[in-house]
Participant: 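Structure provided below as structure tokens; questions to follow.
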Amino acid sequence: MIRNTRGFTLIELIMVILILGILAAVAIPRFIDLQSDARSATAKGVGGSISGAASVLHSQYLLKGTVYTLGATESPANTNMVLAAAGISGVTIAVSDATSSPNNVTGSLITITVGGMPYTMTYTSGSSTASPTTRYNF
């Protein structure tokens, strides 16, 4: 008599469940940690756009030979002007110790809040001899 066997044995099913359990135990911690990495990458992207806006403003200053703002030359560019020139949306940005002098040597502290997590960076305005700098504190 010929037996038609179909399906899986109990041992095969247990092995598949065991392999899936091991994969889940390894993969879940990696995916949980991706949220903090994504927030940090977003903050660095925002910081990059701030740095780019500062470089554009400084280039305008060098080309025009006057104190710079985006689209005008009447007043100095402070940190708030740089943030407005960067055109950032979707995150919260706060500035402390913002100065209206382009020779801000001490720097302004910029706090970028992404998903409830604050990230800080220091912005130092440029001068006629030095370009503006940004430094991540995270």
Participant: Measure the shortest side-chain to side-chain distance between Leu109 and Thr122 over non-hydrogen atoms and say whether it is less than 4.5 angstrom.
Facilitator: yes

Participant: Holding to side chain to side chain contact (heavy atoms under 4.5 Å, CB included), I want the full list of residues that pass it with Ile28, two or more places apart in sequence or in another chain.
Facilitator: Ala24, Ile32

Participant: Which other residues end up in the same hydrophobic cluster as Ile17, if Ile, Leu, Val, Met, Phe, Trp and Tyr are linked when side-chain heavy atoms come under 4.5 Å apart?
Facilitator: none

Participant: Output the distance between atom OG1 (Thr134) and atom CD1 (Ile50), rounded to the nearest 0.5 Å.
Facilitator: 8.0 Å

Participant: Would Leu13 end up clustered with Val16 when hydrophobic side chains under 4.5 Å apart are linked, directly or stepwise?
Facilitator: no

Participant: Not counting sequence neighbours, which residues clear side chain to side chain donor-acceptor pair (under 3.5 Å) with Thr113? List them please.
Facilitator: none

Participant: Once you round to the nearest 0.5 Å, how far does CG of Leu23 lie from CD1 of Ile19?
Facilitator: 7.5 Å

Participant: Which pair of heavy atoms, one from Pro118 and one from Gly116, lies closest together, and at what distance?
Facilitator: CD-O, 3.6 Å

Participant: For the atom pair CE (Met121) and CD1 (Ile93), what is the distance rounded to the nearest 0.5 Å?
Facilitator: 9.0 Å

Participant: Measure from the side-chain N and O atoms of Ser51 to the backbone N and O of Gly47, and report whether any donor-acceptor pair falls under 3.5 Å.
Facilitator: no

Participant: Taking only residues two or more places apart in sequence, or in another chain, which ones meet Leu34 in a side chain to side chain contact (heavy atoms under 4.5 Å, CB included)?
Facilitator: Phe31, Asp37

Participant: With sequence neighbours excluded, tell me which residues meet side chain to side chain contact (heavy atoms under 4.5 Å, CB included) with Ile11.
Facilitator: Thr9, Met15

Participant: Can you name the side chain to side chain contact (heavy atoms under 4.5 Å, CB included) partners of Ser40, sequence neighbours left out?
Facilitator: Lys44, Tyr119, Phe138

